[in-house]
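Data first, discussion second: the structure below is written as structure tokens.
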Amino acid sequence: MRTVVRLPVVDGLGQTLRRDNWWVAPLVTFLALTVFVVYAAFRALEGSAYTWGPYVSPLASPYFETKGFGVPLLTPATLVLPIPALFRLTCYAHRQAYYRAFFMSPPACSVGAAPSARYEGERKLAFLQVLHRWTLYLALVFLVMLWLDFARSLSWEDRFGAGVGSFVILVNCTLLSAFTFSCHSFRHLVGRFTGARLGFVWRGVSKLTEHHALLGWASLASVCLTDVYVRSIATGAWMDFRLF
Ligand code: FES
């Protein structure tokens, strides 16, 4: 039987009786999310190199040409990014990670928070976090679009074919699907709409949910790397290789 030891919380930011490296997780989260946000903002405002041949970057999918609208800061990426960003911002697993890394109230279990940063639950503006289920519906629509992008990546001058980029997009779609289907709100939905006869579906989703945080990080990294790949070949910094 697992023994759970509860340490008392010590007052003062970072004060604790813990002897492990508790600060590693919030620090890595802080650095990883900062890199991702800065990169996504740069790409959103760059306004170009979102497509190459049959490939579309996931940062601008579904792809809409915005040139000619004359709206400042409107790019194919700024048009669509708010939806997946809201889905991530309201995700239970990501919330825990960025609350700890950025607000440090507290930065980890049994570690003191800053005196002014007393945790009061998700009140005031944070009540918007309950909108997560609605962002899930939008994320499911986006997921269909991303799989359509993958299907398009197999069409080369109206012929069936595949390049390394198709494989990169496939991995990204798979990780994003696993992340979306491991969502706690999705599990709740499946539980509501599947009866006892389809209980195995709910149990399968529940198994996936156990890895939700890990899938969140893996899919975030794959979105970034897929965009880097598409941008690299679109700008001529790298070459795509046709597999067949
Ligand atoms: Fe993380 Fe829904 S709980 S995406």
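On a predicted model such as this, the values are computed, not experimentally measured, just so you know. In this chain, residues are counted from 1 in sequence order. Order of appearance sets the numbers: ligands from 1, and atoms from 1 within every ligand.
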**Request:** Please confirm if an N, O or S atom belonging to Cys91, backbone or side chain, lies less than 2.8 Å from atom 1 (Fe) of ligand 1.
**Result:** yes
**Hydrophobic cluster identity match, Leu146 and Val80, side-chain contacts under 4.5 Å** = no
**Request:** Answer with yes or no whether the side chains of Asp240 and Tyr55 bring together a donor and an acceptor at under 3.5 Å.
**Result:** yes
**Fill in**
Closest to atom 3 (S) of ligand 1 among protein heavy atoms sits Tyr92 CD1, 3.3 Å
**Prompt:** Do Asn172 side-chain atoms and Val223 backbone N/O form a donor-acceptor pair below 3.5 Å?
**Reply:** yes
**Message:** Under a 4.0 angstrom heavy-atom cut-off, which atoms of ligand 1 come close to His184?
**Reply:** 2 (Fe), 3 (S)
**Item:** For Phe179, atoms of ligand 1 separated by under 4.0 Å from a heavy atom
**Value:** 4 (S)
**Item:** Metal-centred angle, SG of Cys183 through atom 2 (Fe) of ligand 1 to NE2 of His132, rounded to 10 degrees
**Value:** 100°
**Request:** Check each heavy atom of His212 against ligand 1 and say whether those closer than 4.0 Å belong to the side chain, the backbone, both or neither.
**Result:** side chain
**Item:** Working for ring-ring contact (aromatic ring centres under 6.0 Å, His included), residues Phe142 and Phe87
**Value:** CA-CA 11 Å; Phe142 271 55; Phe87 182 53; 9.8 Å; no
**Prompt:** Given that the side chain starts at C-beta and the backbone is N, CA, C, O, which of these parts of Phe186 lies under 4.0 Å from ligand 1, counting heavy atoms, or is it both or neither?
**Reply:** neither
**Prompt:** Are Thr180 and Ser177 linked by a side-chain donor-acceptor pair shorter than 3.5 Å?
**Reply:** no
**Item:** Aromatic Phe179 / basic Arg88 pairing, under 6.0 angstrom, 45° off normal
**Value:** yes
